[in-house]
J.: 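Sharing a structure below in structure tokens format, with a few things to ask.
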Amino acid sequence: MNVAAVKDYLTQLQGRIVAELELLDGRSFRRDSWRRPEGGGGLSCLIEEGNLLERAGVNFSHVGGNSLPASATASRPMLAGRSFEAMGVSLVLHPRNPYVPTVHLNVRFFIAHSPSAPPVWWVGGGMDLTPYYGFEEDALHFHRVCRDALEAFGPDRYPRFKKWCDEYFYLRHRREPRGIGGIFFDDLNEPDFDHCFALMRSVGDHFLEAYVPIAQRRRQLPYGNRERAFQAYRRSRYVEFNLVYDRGTLFGLQSGGRTESILMSLPPVASWRYDWHPEPGTPEARLYSDFLQARDWV
């Protein structure tokens, strides 16, 4: 286990993604270093009101504490009460154009310490796509790159992590998925550190390939008030998921993380309507019928 190598990779990943997104948007990210009294800190990189990105956040954090929060021990109750160290890169991009999808990436590394037992480590993460107007070409591209990111690690990885993503990014109270999925994994520490670290790196390294071509393809499509209104309505689902279910958001808040950095994943504009449904046959209705369904895209 090489903690320094993990941190070095994550900080470089953040830098590479921010540099590429600055070229894509044409504006610079604000860079905001922060420290927390309990130990650790991070670097938050943010764009608001960019040329392409209405809001985009790319965070690196490295924090520790005396007791693992409940959100981190839900699947590992035997680790409750242990001190911990956690680091990761997390990003959410909310483009202004409703035809350009929202996207999320996270890669993270945890260590749970005990004075009477060896440390327990694991990695997690993934990426998923949330379109407001669906395009088969975009969905196929995103999932193919997700599959390619995992290809070297066994034929079972992509179908397993794709299914995990479909099940995780699901709003149970709405009975609908957040988007078209991607890949998601957590609590991974087998067969060994080198394998798991390489898998985590591959997921992070494939993000730009998965998303940038989609953003470039859709960014010039014309839109009006109707598309913006539907985008704001669907963004409300994103808010609901992040505040009710997302383990990363809950971990950040429960561990005393920096609130502004945790909640910058939320869109700048969202709206809620009472019992609203799109008219049959419209592009908005097609999102529900053709894309917000569990599908084998590749």
J.: So, R144 and D148, do they make that salt bridge, N to O below 4.0 Å?
T.: no

J.: Might you confirm whether atom CZ of R30 has over 12 heavy atoms from other residues, nucleotides or ligands at distances under 6.0 Å?
T.: no

J.: Once ring pair (Phe, Tyr, Trp, His ring centres under 6.0 Å) is applied, do any residues pair with F185, and if so which ones, sequence neighbours excluded?
T.: F161

J.: Do we see a donor-acceptor contact under 3.5 Å between the side chains of E284 and Y133?
T.: yes

J.: So, does N97 use its side chain to make a donor-acceptor pair with the main chain of L221 at under 3.5 Å?
T.: yes

J.: Please check if any side-chain donor atom of R174 sits under 3.5 Å from a side-chain acceptor atom of Y170, or the reverse.
T.: no

J.: Give me the ring orientation class for W297 and F291: parallel if the planes are under 30° apart, tilted from 30 to 60°, perpendicular past 60°.
T.: parallel

J.: Quick one: side chains of residues 11-18, donor-acceptor pairs under 3.5 Å with protein atoms, not counting sequence neighbours, listed by atom name and distance.
T.:
from, atom 1, to, atom 2, distance (Å)
T11, OG1, K7, O, 3.2
T11, OG1, D8, O, 3.0
Q12, NE2, D8, OD1, 3.4
Q12, NE2, D8, OD2, 2.9
Q14, NE2, L43, O, 2.8
Q14, NE2, V58, O, 3.0
R16, NH2, D205, OD1, 2.9

J.: Restricting to ring pair (Phe, Tyr, Trp, His ring centres under 6.0 Å), what partner residues turn up for Y168, sequence neighbours left out?
T.: F184, F241

J.: Considering all heavy atoms of both residues, which atom of S28 and which atom of E22 are nearest to each other, and what is their separation?
T.: CA-OE2, 3.4 Å

J.: Table please: side-chain donor-acceptor pairs of residues 49-56 below 3.5 Å, with sequence neighbours left out.
T.:
from, atom 1, to, atom 2, distance (Å)
E49, OE1, R96, NH2, 2.7
N51, ND2, D25, O, 2.8
E54, OE1, R228, NH1, 3.0
E54, OE1, R235, NH1, 3.1
E54, OE1, R235, NH2, 2.8
E54, OE2, R228, NH2, 3.0
R55, NE, E48, OE2, 3.1
R55, NH1, L266, O, 2.8
R55, NH2, E48, OE2, 2.7

J.: How would you list, by chain and number, every residue that makes a side-chain hydrogen bond (donor to acceptor under 3.5 Å, both in side chains) with R286, sequence neighbours excluded?
T.: D290

J.: Does one side chain, of Y238 or S265, offer a donor that lies under 3.5 Å from an acceptor on the other?
T.: no

J.: Describe, in one word, how the ring planes of H143 and Y158 are oriented to each other, choosing from parallel (under 30°), tilted (30 to 60°) and perpendicular (over 60°).
T.: perpendicular

J.: Please check: side-chain N/O of Q231 versus main-chain N/O of V269, any donor-acceptor pairing under 3.5 Å?
T.: no

J.: Is there a donor in the side chain of E190 and an acceptor in the side chain of H195, or the other way round, less than 3.5 Å apart?
T.: no

J.: Search all heavy atoms of N59 against all heavy atoms of C45 and return the closest pair with its distance.
T.: OD1-N, 4.1 Å

J.: If a pair satisfies salt bridge (Lys or Arg N to Asp or Glu O under 4.0 Å) and one of its residues is in residues 260-280, list it, with sequence neighbours excluded.
T.: none

